[in-house]
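Accompanying notes for the structure given below.
Computed over heavy atoms, backbone and side chain alike; hydrogens, waters and symmetry mates excluded.
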Amino acid sequence: MEHSRIVIDGASLTCPQVAVAAREDVMVAIAPEGAERARAAWKVAREVAGAQPVYGRTTGVGANRVVDVEWEDADAHGLRLLRSHAAGAGPLVAPEIVRAMLTVRLNQIAAGGSGVEPGALQALADVLNLGLLPPVPVYGAIGTGDLTALASTALCLLGERSWLAGPDGVPERGPGYRLQSADALAFISSNAATLGEAALAVADLRRMLRASTVVAALSHFAVRASEEPYAPPVQDACPHPGQREAADAMRTLLAFDRPAPMRIQDPYGYRAFPQVHGPALEAAGYAEQVVTREINAAAENPLVDVAGRTVWHNGNFHTAYVGLALDAARAALFQTMALAAARLGTLAEPSFTGLYPFQGATEASSGIMILEYVAHSCLADVRRLATPAALGSAVLSRGVEEHAGFSTQSARATTDAVAAYRLGLGCELVAAVRALRMQGRAPSGGPLRSALDLAEAVLDPRVEDRPLDADIAVAADLLPRLASLHP
């Protein structure tokens with residue numbers, strides 16, 4: 001990736017790069033090696049389909065896999081497939097998720113293995129670079145292929161549907177591409193929409209977890225908590241990698257000041273931070289590894305084997321790994337957010353802050369009281385969204401497709417959970433900064449002082465009772481910048 005350009009090669013795309021392609025004004029280009037892999041797979045796919053049955057190319061799909069497509073009907077078969085499968089429902093997904101989908105599908109085709117004609121690479125890159133989007137409804141996939149989303153994309157390429165352009169999604173005719181009938185299933189048989197959203201979600205999750213450590217350190221400083229729980233001998237005694245990472249970061253953030261702790265032992269929000277935040281760090285890291293592996297895989301069915309000059313009918317389209325990894329990440333996220341809500345509670349207590357209850361301007365003021373309600377409302381949503389999507393299943397297509405992992409729903413739940421977490425964490429940030437302001441205290445230096453300076457520059461300093469909704473929004477928007485200060 002260059003400063004303003006992402007080069008797609010089919011092998012090295014990362015979740016942060018997907019986020020950049022989805023959200024920023026960058027150009028997307030195709031690496032020569034990616035185009036060559038796609039061309040080689042396309043040639044082999046045509047060769048094999050001329051000699052033996054190939055699912056979706058010479059046969060129907062789903063339960064119709066046993067039905068051969070007659071040669072005189074071959075041209076119409078692919079178009080019928082696209083039209084019949086472009087049938088999602090509900091509101092359209094966010095534009096950034098659609099751009100993430102297009103980026104992932106572009107990379108998958110460049111990985112080789114799909115057999116799609118290589119001209120589709122430039123067609124998709126052009127769509128991304130022109131800022132055009134296919135209409136993609138929310139409902140239509142269950143983790144075994146984003147058929148409805150990609151069929152809609154294919155119909156836009158063919159000119160049967162309009163692209164959506166601009167922030168208002170104005171219908172527009174865009175660049176066309178004559179997708180060959182034989183390539184119809186190969187183009188749509190992908191989890192690119194699910195993986196695109198998953199890539200965005202894990203990139204955001206990892207950023208918010210880094211920000212959470214910085215915010216927790218500000219709260220720690222505000223209540224004069226003890227650093228004993230983060231000491232190396234404590235971590236060496238129970239050496240989980242994520243726990244050690246969380247403790248190391250807290251020690252670094254708090255290293256510039258050594259105030260005497262106010263208590264011999266603090267509540268769990270401080271004392272057990274490494275043990276609770278650590279699993280979230282590990283779960284998010286594992287989820288990113290899984291998603292990164294998937295977006296660079298030729299997870300196609302049928303898989304075109306260029307070296308063996310054959311195709312393999314297989315189950316790599318099933319994204320159980322992705323769904324289960326995201327399910328675990330959300331469960332861990334709930335745990336660490338519960339600690340953030342607990343720390344927020346201490347910031348309302350005079351015995352912890354030395355201030356009036358709820359950091360009020362007067363003893364009877366409500367101050368930050370409502371922040372706890374907001375944070376626990378967010379926490380309730382994260383708890384609801386932490387229900388594992390993998391607990392569901394389905395039997396479809398006349399019993400032939402008898403399992404689903406619902407990774408699509410897991411990705412969507414992760415997007416929503418991270419959004420709720422961000423707002424809840426914003427509440428803690430507002431409270432920690434306000435406490436330090438009212439105490440007249442600040443870290444003496446280092447990244448924690450930089451974090452406080454950033455927050456004080458944008459957060460309203462008034463302490464009289466007033467609406468705090470704008471403060472929460474400003475704090476939530478600041479969190480990605482605080483994440484960059486994580487040691």
Side-chain angles (χ1 to χ4, degrees), residues 14-16 18-19 195 197-217 220 229-253 268-296 319-343 379 382-383 385-390 405 407 410-411 413-422 424-425 479-480 482-487:
T14 67
C15 293
V18 173
L195 294 176
E197 181 164 10
L200 296 179
V202 297
D204 291 346
L205 173 58
R206 298 204 75 185
R207 187 181 300 115
M208 286 301 102
L209 291 175
R210 290 193 295 272
S212 186
T213 305
V214 178
V215 174
H220 185 286
Y230 317 131
V234 175
Q235 306 312 312
D236 292 343
C238 192
H240 291 293
Q243 174 181 327
R244 191 189 296 274
E245 179 184 346
D248 289 350
M250 287 293 277
R251 285 202 311 275
T252 301
L253 287 165
Y268 286 3
Y270 305 98
R271 180 160 41 115
F273 177 77
Q275 291 79 8
V276 177
H277 199 65
L281 295 175
E282 291 191 40
Y286 174 68
E288 184 172 27
Q289 291 175 16
V290 169
V291 175
T292 301
R293 191 177 299 126
E294 288 273 354
I295 63 179
N296 289 290
T319 49
Y321 271 102
V322 173
L324 288 167
L326 293 177
D327 283 354
R330 291 196 311 284
L333 180 66
F334 167 75
Q335 295 291 327
T336 199
M337 186 178 180
L339 275 198
R343 291 191 299 273
L379 180 62
V382 175
R383 180 172 57 243
L385 293 163
T387 301
S407 61
S410 189
T414 306
T415 297
D416 294 343
V418 172
Y421 179 72
R422 183 172 180 167
L425 189 59
L479 290 172
L482 295 191
S484 66
L485 299 174
H486 184 279

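Considering all non-hydrogen atoms of both residues, A417 and R330 come closest at CB-CD, 4.1 Å. For I295 against V18, the heavy-atom pair with the smallest separation is CD1-CG2, 4.1 Å. Taking both residues in full, the closest heavy atoms of V322 and A198 are given as CG1-CB, 4.2 Å, listed atom of the first, atom of the second, then distance. In terms of heavy-atom proximity, V234 sits nearest to P229 at CG1-O, 3.6 Å. Closest heavy-atom contact between R251 and Y230: NH1-O, 2.5 Å. Across all their heavy atoms, L326 and A411 have their closest contact at CD1-CA, 3.7 Å.
At least one donor-acceptor pair closer than 3.5 Å links the side chain of R343 to the backbone N or O of G269.
Residue Y421 is tested with D204, L205, L385, T336 for a side-chain contact (heavy atoms from CB on, under 4.5 Å); the sole match is T336.
At most 12 heavy atoms of other shown residues, nucleotides or ligands fall within 6.0 angstrom of atom NE2 in H240.
Inter-residue side-chain proximity for E197 and S410 is flagged as unmet; no heavy-atom pair is nearer than 4.5 Å. In this structure, the side chains of Q243 and C238 come closer than 4.5 Å at one or more pairs of heavy atoms. Between L333 and L209 there is a side-chain heavy-atom pair separated by less than 4.5 Å. E282 is listed as a side-chain neighbour of P241, based on a closest heavy-atom distance under 4.5 Å.
Remark: F273 pairs with H277 by the ring-ring contact (aromatic ring centres under 6.0 Å, His included) rule, at least two apart or across chains.
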Between L479 and V215, does the side chain to side chain contact (heavy atoms under 4.5 Å, CB included) criterion hold? Intermediate values first, please. CA-CA 9 Å; L479 290 172; V215 174; 3.8 Å; yes
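Separating the CG atom in N296 from the OG1 atom in T14 is a distance of 8.5 Å, to the nearest 0.5 Å. Interatomic distance, OG1 of T252 versus NE2 of H486, reported as 8.5 Å (0.5 Å rounding). In this structure, L379 CG and L425 CG are separated by 12.0 Å, a value rounded to the nearest 0.5 Å. Interatomic distance, R210 CZ to L482 CG, rounded to the nearest 0.5 Å: 12.0 Å. A distance of 5.5 Å separates NE2 of H220 from CE of M250, quoted to the nearest 0.5 Å.
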